[in-house]
Amino acid sequence: MNESSRLWKDMLGRTLYRVVALATLAFVLAPLVVVVWASFFSNKILSFPPQGYTIDWFIRAWQQDVFRQGFLLSLQLGVMATLWSLLLGVPAALALARYSFPGREAINAILMAPMMVPGIVAGAAVYIFFIEVEIRTEIPLVGSLPGLSIAHILIGLPWTVRLVTASMVGVDRQIEEAALSLGANPLVTFFKVTLPLVRPGIVAGAMFSFIVSFIDLEKSLFLVGPGRVTLPIAIVNYLEWNLDSTIAAVATMQILVIAAALLVSDRYFKLSRSF
Amino acid sequence: MALSHGGRSSDTARAAPLLTAAVLLVIVFLFLPLAIMFRFSLNKFVPGQFMVEALVLENYQKFISDEFYRGVLYTTIRVALVSTILSLIFGFPLAYMIARARSARTKNIMILLVVIPLLMGNAVRTAGWMVLLGDRGVVNMLLQMVSLTTEPIKILYTETAVLIGIVAVLLPYMIITLYSIIEGIDRVYEEAASSLGARPSEVMRLVIVPMAMPGVYVGSAICFILAMNAYATPVLIGGPEFHMMGPKVYEQITKVSNWPFGSALAFVLTAVTAVLTILSSITVQRRYGRM
C-alpha cells in the first residue's frame, strides 16, 4: 500500500469517527428537541412540517385535570421525597463517611439497593406488600399519597446517601475538631462547620432525589390510583391511545421543571463535573 | 477512614443511631416486599379464588412450558443484547471525543448534552420518539421529501423502533461510563503508538480499546440490566403486539391479578439478567484478565 492511499484512508477514518460521534450526540438529543418543537405547532393534527406556531396546546394541557393534577402531584412528591431523603440520608451518609464499624459495606449496599433493584420488580413487590398491609390493617396505601410518598423517598434515598457520602469523604476532619476544641458543641459544629463544607454534595443529592422522583415511571406505575396519577404516568397512559401536540406540551412542561431544578442547583455544584 | 476518635466500638455506637431510620426504611419497604413476593411466587393461582397458599414450583414450570412466555423472554434477551452492542458501538466514538476534547468548556457542554436527556425522563423521550417515528412523523416526512418513499413507512410499533428507543435510553449511561475510563488513559500511550508508526485505526484498536475494557464491561453490564427491565419503550414504541418481560410483570400483577405467576415472572427476569451478566463477566475476565 502506498503512502498517499494510506493517508487518504486515515483521513477517511478520522472523518467517519467524527461523523459517528456527532450523529450519536444528535440522536440522543433528537427526541427532546422534537417534542419541544412539536408542542408549539398550530397544526390541528400533529404532522410535519408545521403550518404555524401557537401556545394553545399548553393552555389545553393545563385545562385537562389529569395533567394539571399530575403536574402538581409530581411536584409535591418530588419535594417530599427530597426532604425526607435528606432527613434520612444525610445522617446515614455522615455515619458511612466518618465511622468505621463492622458491616459498613453491607449497610452501604442495603442503602444503595433501591437504585439497583429494577424498578418494575421493586414496584411489583411494593404493590403486593401494600395490598397485603391494606387487607390486614385497612389503611389504604395503593393509590394514596402516603403510599406514593414512601415509594418516592425510597427512590431518592440512595442518591442522597451516595452523593453526600462522596462529598464528606473529601472534607478534612480537623476543621471540625478545631471547632469542637474551641468550645462549639457538636450540634453547632455540625450546622456551622460540617454542613457548609458538604453543601455541594447535599445540593447534588437534593437535586437528584427530586429529579429521579419526578421522572419515575416503574415504581409509581403500580401505586397510582384514580385521581392520583403522577405526570410521567399520565403521559404514558395518554400516549397509549393518542399522539398530539397536547401531549408534546405536557412533556415540555416536565422538561421545564427538570431544567429549573438543574438551574437552581447549578450555583452550588456543577453537574458536568460530577461524572 | 476516620479513626481518630477512639476505637471501633465507640464508632459503632455513634453510627448506629444515624443509620437506623434509613436502613429500616429500605428493609421494610424493599427487602420485606421482595421476600413476600418471592414467597407468593410459590403459591397457587385458582381463577375465581385469587391466590391459594401452597409451596409449589407450578408458576415457574408454567413459565418454562409456555411457549408464549418463553418467546417473550427470548425477545427480551435479544433486544437487550442487540441494544447493548449498538450502544457500545455508537457510544465509543462520542465518549472518546468527550474525553479528548481540548477545552474544558467543550468537554463540560458535551457531557451536559449527553446527560440532560437522561434526567428528563423516559416518558418525555418516548413521546419524542413517537413524534419522530410515527406515520406523520419527522422521519417519514424527510423520507417523502427526498422521494425515497411515497407512502409512509411503518416504523413505530416495530422491533426496530423499540431498539432505537432503548439504545437512546442506554447511550448516556454507556457514554458516561466509557468517558470516565478513557479520561484516565494517559495520552502518552497514544502518542507513543503513533510515533512508532501506528495508524489512527491501529491506535484505537490496539491501545485505546484494550485499555478501556473495564469501562466497556461495566457500561455493557449496566446497559444490559436496564434494557432487560425496560418498560415504557416496549409498551409505547413497541405497541400492543410487541412483548417484553417488564410489561408482562405489570400486566400479570395488576391487570390479571395473578400474583403467583406475576411474581414468578419478576424473579425469572431478575435471575436470567443476573446469570447472563455474571456469565459474561466471567467470559470477559478470562479473555482480558481481571478488572
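Proteins get letters first, then strands, A, B, ... in listed order; numbering begins at 1 in each.
A donor-acceptor contact shorter than 3.5 Å is absent between the side chain of A:S265 and the backbone of A:M207. Of the possible donor and acceptor atoms, one in the side chain of B:T76 sits under 3.5 Å from a partner among the backbone N and O of B:M245.
Interface remark: A:Y238 contributes no atoms to any contact with chain B (heavy atom separation under 4.5 Å). Both the backbone and the side chain of A:L46 come within contact range of chain B, each with at least one heavy atom under 4.5 Å from a heavy atom of that chain. The part of B:V235 that comes within reach of chain A is its side chain, from C-beta onward, which places non-hydrogen atoms under 4.5 angstrom from that chain. Heavy atoms of B:S201 lying under 4.5 Å from chain A are absent altogether. Contacts of A:L157 with chain B are made by side-chain atoms alone, with heavy-atom separations under 4.5 Å and no backbone atom involved. Neither the backbone nor the side chain of A:P158 comes within less than 4.5 Å of any heavy atom of chain B. The part of B:L236 that comes within reach of chain A is its side chain, from C-beta onward, which places non-hydrogen atoms under 4.5 angstrom from that chain. Of the two parts of B:F92, neither the backbone nor the side chain holds a non-hydrogen atom closer than 4.5 Å to a non-hydrogen atom of chain A. Heavy atoms of A:A38 lying under 4.5 Å from chain B belong exclusively to its side chain. Using a 4.5 Å cut-off between heavy atoms, A:I150 contacts chain B through its side chain alone, with no backbone atom that close. Contacts of A:R14 with chain B are made by side-chain atoms alone, with heavy-atom separations under 4.5 Å and no backbone atom involved. Looking at B:P172, the atoms closer than 4.5 Å to chain A (heavy atoms on both sides) all sit in the side chain, from C-beta outward. Both the backbone and the side chain of B:L119 come within contact range of chain A, with heavy atoms under 4.5 Å apart. When heavy atoms are compared at a cutoff of 4.5 Å, B:L34 approaches chain A by way of both its backbone and its side chain.
When all heavy atoms are compared, the tightest approach of A:A122 to A:K219 is CB-CE, 3.7 Å. A:L217 and B:A123 get closest at one heavy-atom pair: CD1-N, 4.0 Å. Here the closest heavy-atom approach between residue B:A230 and residue B:I166 is recorded as CB-CD1, 4.0 Å. Nearest heavy atom pair, residue A:I215 against residue A:Q254, reads CG2-NE2, 3.5 Å. Listed here is the closest heavy atom pair of B:M110 and B:L94: CE-CD1, 3.8 Å. Shortest non-hydrogen contact noted between B:I27 and B:P33 is O-CD, 4.2 Å.
Ranked by heavy-atom pairs under 4.5 Å with chain A, the list B:N140, B:V23, B:V169, B:V138 is led by B:V138. Taking chain B as the reference chain and counting heavy-atom pairs below 4.5 Å, the highest number among A:L221, A:V121, A:I258 is found for A:L221. When the candidates B:G121, B:A95, B:A21, B:A16 are compared by the number of heavy-atom contacts under 4.5 Å with chain A, B:G121 comes out ahead. Looking only at heavy-atom pairs under 4.5 Å with chain B, the residue among A:L262, A:I247, A:L243 that has the most is A:L243. Among A:I131, A:V142, A:V161, A:V133, the residue with the largest count of heavy-atom pairs under 4.5 Å with chain B is A:I131. Chain A forms more heavy-atom pairs under 4.5 Å with one residue of B:A22, B:G165, B:G134 than with any other, namely B:A22. The choice from A:V257, A:D244, A:V20, A:T24 that makes the most heavy-atom pairs within less than 4.5 Å of chain B is A:T24. Counting heavy-atom pairs closer than 4.5 Å to chain A, the top residue among B:V249, B:D135, B:T20, B:L113 is B:L113. Of the residues considered (A:I153, A:I211, A:L94, A:I110), A:I110 shows the highest number of contacts with chain B, using heavy-atom pairs under 4.5 Å. When A:I45, A:V126, A:I235, A:L154 are compared by the number of non-hydrogen pairs under 4.5 Å with chain B, A:L154 comes out ahead. Comparing B:I164, B:T126, B:I89 by how many heavy-atom pairs each has under 4.5 Å with chain A, the most go to B:I164. Your options are B:A168, B:P240, B:P117, B:G246, and the one with the most heavy-atom pairs under 4.5 Å with chain A is B:P117.
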Walk me through it: do A:I107 and A:F101 pass the test side chain to side chain contact (heavy atoms under 4.5 Å, CB included)? CA-CA 10 Å; A:I107 289 196; A:F101 48 90; 4.2 Å; yes
Go through the steps for B:I109 and B:L112 under the test side chain to side chain contact (heavy atoms under 4.5 Å, CB included), then give the verdict. CA-CA 5 Å; B:I109 290 173; B:L112 281 182; 5.7 Å; no
Run the numbers on B:Y250 and A:F222 for ring-ring contact (aromatic ring centres under 6.0 Å, His included), then give the verdict. CA-CA 8 Å; B:Y250 174 72; A:F222 287 91; 5.2 Å; yes
Yes or no on side chain to side chain contact (heavy atoms under 4.5 Å, CB included) for B:F90 and B:V167, after CA distance, side-chain angles and deciding distance? CA-CA 9 Å; B:F90 288 100; B:V167 168; 5.6 Å; no
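Residues of residues 27-37 of chain A that come closer than 4.5 Å to chain B, counting heavy atoms only, are A:F27, A:V28, A:L29, A:A30, A:P31, A:L32, A:V34, A:V35, ordered by residue number. The stretch residues 258-268 of chain B places B:W259, B:S263, B:A266 near chain A, each with some heavy atom under 4.5 Å from a heavy atom of that chain.
Rounded to the nearest 0.5 angstrom, B:T254 OG1 and B:Q252 CD are separated by 9.5 Å. One distance of note links CZ of B:R125 with CG of B:L118; it measures 5.5 Å at 0.5 Å rounding. The line from CG of B:L269 to CE of B:M244 is 9.0 Å long, rounded to the nearest 0.5 Å.
A heavy-atom distance below 4.5 Å is found between the side chains of B:V26 and A:P114. With a 4.5 Å cut-off on side-chain heavy atoms, A:W159 and A:F210 do not count as touching. Under the 4.5 Å side-chain criterion, counting only non-hydrogen atoms from C-beta, A:R98 is not in contact with B:R14.
A distance below 6.0 Å separates the ring centres of B:Y96 and A:Y17.
By the side chain to side chain contact (heavy atoms under 4.5 Å, CB included) test, A:A95 is found to be paired with A:Y99, B:A15, B:L18, B:L19, residues two or more places apart in sequence or in another chain being considered. For A:E240, the salt bridge (charged side-chain N to carboxylate O under 4.0 Å, His left out) test picks out no residue, with sequence neighbours left out.
Residues A:S85 and A:H152 have side chains that never bring a donor and an acceptor to within less than 3.5 angstrom of each other.
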